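Worksheet: the structure to be examined is printed underneath.
Owing to the predicted nature of the structure, the values given are computational and were not obtained by experimental measurement. By convention in this document, chain letters (A, B, ...) are assigned in the order of the sequence lines, proteins followed by strands, and residues within each chain are numbered from 1.
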Amino acid sequence: MSIQTLEIIRKRLAERPEELSQARKNGQKVVGWTGYNVPEEIIHALGFIPVRIAIGGDDRLVEVGARYASSKTCVFIREIVGAFAENEDPYIQQTDILAFDATCLQNFRAAEVIEYFFKKDVVVLAVPRNFAEDDAKTYFVHEANEFTRLLEERAGSSLDTAVLAESVALYNDIRKTLKSIYIFQAAKDNVISWEEVYDLIQAGDLLDKKEYLTLLQQTLVELTELQQNPVIEADGDSRIFISGSLIPRGDRKLISIINSVGGRIVGDDLWSGILPHIDLDIKEISPAGVALAYLNRTPHAALPYLDLESDRRLKKLHELLSQSKAHGVIYHTLRYCDPFTFKAKETKNVLAKSGIPLLEIHTEYAGSDYEAMKTRVEAFVEMIKIKSEIVEEEAA
Amino acid sequence: MSKQLFRYSEENKEKFLESDNITFNDGSVVTPEEIWDYLTVEGPVKYPGTYEINLSQGNRDSRDEALPTSLKTHYLSLTFSARMEKAKENGKTIAFIQGGQAVDPYTAADTIALRPFLVGQWYHGREHGNDIYKSVLRRKQSKESAFHDMSFEACQTGGYEHVQVGDLPIDVVAPYTVLRCSDVSYGVEAHRHGPNKDVKLINIDYPMRHQADKPWAIEYFARNLRKLVKTLDEARGKTTTEDDLWRAIKLHNEGRKLGTELADLWWSTDIPPTNSDDRGSLVSLANLDMHGDVQASLSVLKEAKKIIAERVKNGVKGHAVTDNPKRLFILGSCVGINESRSEDAGAIVVGKDDQWSHCTKLVEEEGDPYYNLAKATLEYPYEQSIEKRAQWTIEQIKKSRADGVIFIHNWGCNTQAAISRPIVDFIKRETGIPTYIHERDLHGLRDEQEQNRVNAFIEML
Ligand code: SF4
Ligand code: SF4
């Protein structure tokens, strides 16, 4: 069973770099952005073409990046820096301006290093560590206004509230449609896989937003025709939830290992997955309103939160696990990704209290650990399968 | 067979006894005689490891027995653990911070602020009679347990091994979340799932990116400082007034000024008046936090300045300094090269950016103390953009007349490691001075390989 719109999306992605190149010839500017709290709607409303910078899986680029940003920086950032050094990625090549945020300190450092070595024009949005406090929000509003001012300078025009409202409406529709589609992958007798939805989410990082919404809506229609009432149910499958460091385009090592040993991924809370698209509630059409809505989402692990009981990241993880009826969590941590590795043991302990097993996979983009990872994932998937079969038998 | 231990030579005793007393926060005084007695009788029994004769000189700060202030810093280090226990018994509040910040607001709130190194010193100083081998093993064991609970990729586990796994009575974990240190800011959160529920946690949120030029960033940080003081007040059950903060600012400004003057004096002559270790340990007194007692640090610093001025005037060369040594400036947090071994190879360390950056920023003494403190803090050279930080570093390199620059970064020190290359690149481009970057391996072993590379660099100079 194949969803035809997914084929169209693949084709449109192949054509996209050339399209961006044409748009730039016609005077449009491309903003390459990265950072969990970058309010993309503002970039869009200022007439820029937003393209997310998120690539991984290429060990060679990691090596190149290490020459500029040291081998002690996280693998993801090293690859990004390496990609800027080589300037061969078709999307990176098309960027005129970069918009980074400081949610993760290493992301912030990447902005500085890229600005210094590759003379890129970088706009940075500072993000408060104490994000949940009122003072921090006041500060963040100033930063959002400053971020907008810097982009306005580059756009040569001011942000129009009516245009921002349109962008917000468009992005809200995208998020709403994605959430509807996401249910299908976790359903019993699913007609679309998590992997397909994951690629679909990441296509939105690159495609034109209006076209992307149309394609998503088309996908949803197709899915509904194939399965009118998707029901998420625990079954005999080894239902795996992925959490931890992001898994950007180009990096499919862990995902393919899980698939190869018979695991079925049914959910994620990855920054490169569904997480940034949920719980975003823009209450006011202004830079401050949009930015605060971003900050008020489920927080990124790079922002420290000091009270375990009220931690919204862990609450959201529990909620998503229960929605997806996952049996276990594979917690992916990238080399030198402190935000996620520092939390692995704690997350494991917290989930253990709810009887949910967690396997941490600490890895980088080299292929050398493939077999070792596979052995561990296989054992975990097997353990989960036995567990889920017991649950199914007991329920029968 | 027990190891042969180093002993302070009686030859220097008379001169040492003529030196100044150390005055402590509580007004108590220790005389040179008492210090001598401790260093020669009690110290070797309690901490034999520090008296070992080996390449690390038993981890003593100094080999210069004729420099009275070095004996005093040694005394303050050896008595640190006992002094902290006593301070706790007397009801003092103790906070855990990170290593690249000033401590004015903690002093104002009558709180002892301890950076990671000092927390370790307190914990390990509780056990007596260890030789170096046993001390190192003990340190490794406690670190291992924290690595297990957090990540082996952490250089710093935020004091977790002592506050949570161990039993150090720290009241508040309250560091500034500066870019200098990624691990301590992330490490604070780890304490939320430790068994010690009594410890209060607070991050003093340090804004990033051209922060010193943004009034709203200064105001935000000032509000954070107010919260810090409130949290410390809650822990100690007393209120800190603005006058208390002014007094603390003035006291710390005095320390910063003295430290800067001392460094300038040291740099003013071609004959290094001390060796690298002594220079480092004396200049780092400027923050007044080094020995858990601001007044004690201040009194040693005052005396050190007098002695260095005297040595400079008389052209006295520091102990074990070779003729025309190659002058090295060291960049990077919490680490440094093995200074005595580098001296043997013909070099001398004339400056470091760490423990120096925040000492160079005086706080204005009129206006709103929180705002002024916030402004000075956001101006730390270490926390500025690559170009600004590198430019400031170049000024220090020029003042110190360094011949070469080494950027060394610890395993796991991501936010320093990430910008080591651009900083060094900028310095090299602007000054033409030879530079070298060294990445320290897991758990910071000062191994032969590291020294060989440093020696090769010195030779190249
Ligand atoms: S969250 Fe982790 S993977 Fe992402 S930029 Fe930060 S350190 Fe790198
Ligand atoms: S080496 Fe770096 S990460 Fe470690 S404590 Fe020092 S500043 Fe922090």
Heavy-atom closest pair (A/Tyr116 atom, B/Arg429 atom, distance to 0.1 Å) is OH-NH1, 3.3 Å

In B/Asn414, B/Ile386, B/Leu179, the residue satisfying side chain to side chain contact (heavy atoms under 4.5 Å, CB included) with A/Arg109 is B/Leu179

Interface check, chain B: of A/Pro304, A/Ala301, A/Ala126, most non-hydrogen pairs under 4.5 Å belong to A/Pro304

If one checks every heavy atom of A/Cys337 against chain B at 4.5 Å, the contacting part turns out to be backbone

The interface call for A/Ser71 against chain B, heavy-atom contacts under 4.5 Å, is both

Scored by heavy-atom pairs under 4.5 Å with chain B, the best of A/Leu105, A/Thr341, A/Asp135, A/Val81 is A/Asp135

*asked:* Set out, in order, the CA-CA distance, both residues' side-chain angles and the distance that settles side chain to side chain contact (heavy atoms under 4.5 Å, CB included) for B/Arg421 and A/Arg67, then state yes or no.
replied: CA-CA 8 Å; B/Arg421 176 67 58 193; A/Arg67 287 179 218 149; 6.0 Å; no

In short, A/Glu346 meets B/Glu189 closest at the heavy-atom pair OE2-O, 4.4 Å

In terms of heavy-atom pairs under 4.5 Å with chain A, the winner among B/Thr415, B/Ile437, B/Leu201 is B/Thr415

If one checks every heavy atom of B/Tyr220 against chain A at 4.5 Å, the contacting part turns out to be side chain

If one checks every heavy atom of A/Ala111 against chain B at 4.5 Å, the contacting part turns out to be neither

Would B/Gln416 and A/Lys72 satisfy side chain to side chain contact (heavy atoms under 4.5 Å, CB included), going step by step from the backbone distance to the final call? CA-CA 9 Å; B/Gln416 288 310 310; A/Lys72 299 291 181 282; over 6 Å; no

Run A/Arg335 and B/Glu153 through salt bridge (charged side-chain N to carboxylate O under 4.0 Å, His left out) and show every step you take.
CA-CA 8 Å; A/Arg335 199 85 205 265; B/Glu153 282 171 3; 2.8 Å; yes

Between B/Trp216 and A/Phe140, is the ring centre distance below 6.0 Å? no

When the 4.5 angstrom heavy-atom criterion is applied to A/Glu309 and chain B, the contacting part is neither

Bottom line for B/Glu219: the part with an atom under 4.5 Å from chain A's heavy atoms is neither

Okay, B/His191 and chain A: the region with an atom under 4.5 Å from a heavy atom over there is neither

Applying a strict 4.5 Å limit to non-hydrogen atoms, the region of B/Asp425 in contact with chain A is both

Applying a strict 4.5 Å limit to non-hydrogen atoms, the region of A/Asp307 in contact with chain B is backbone

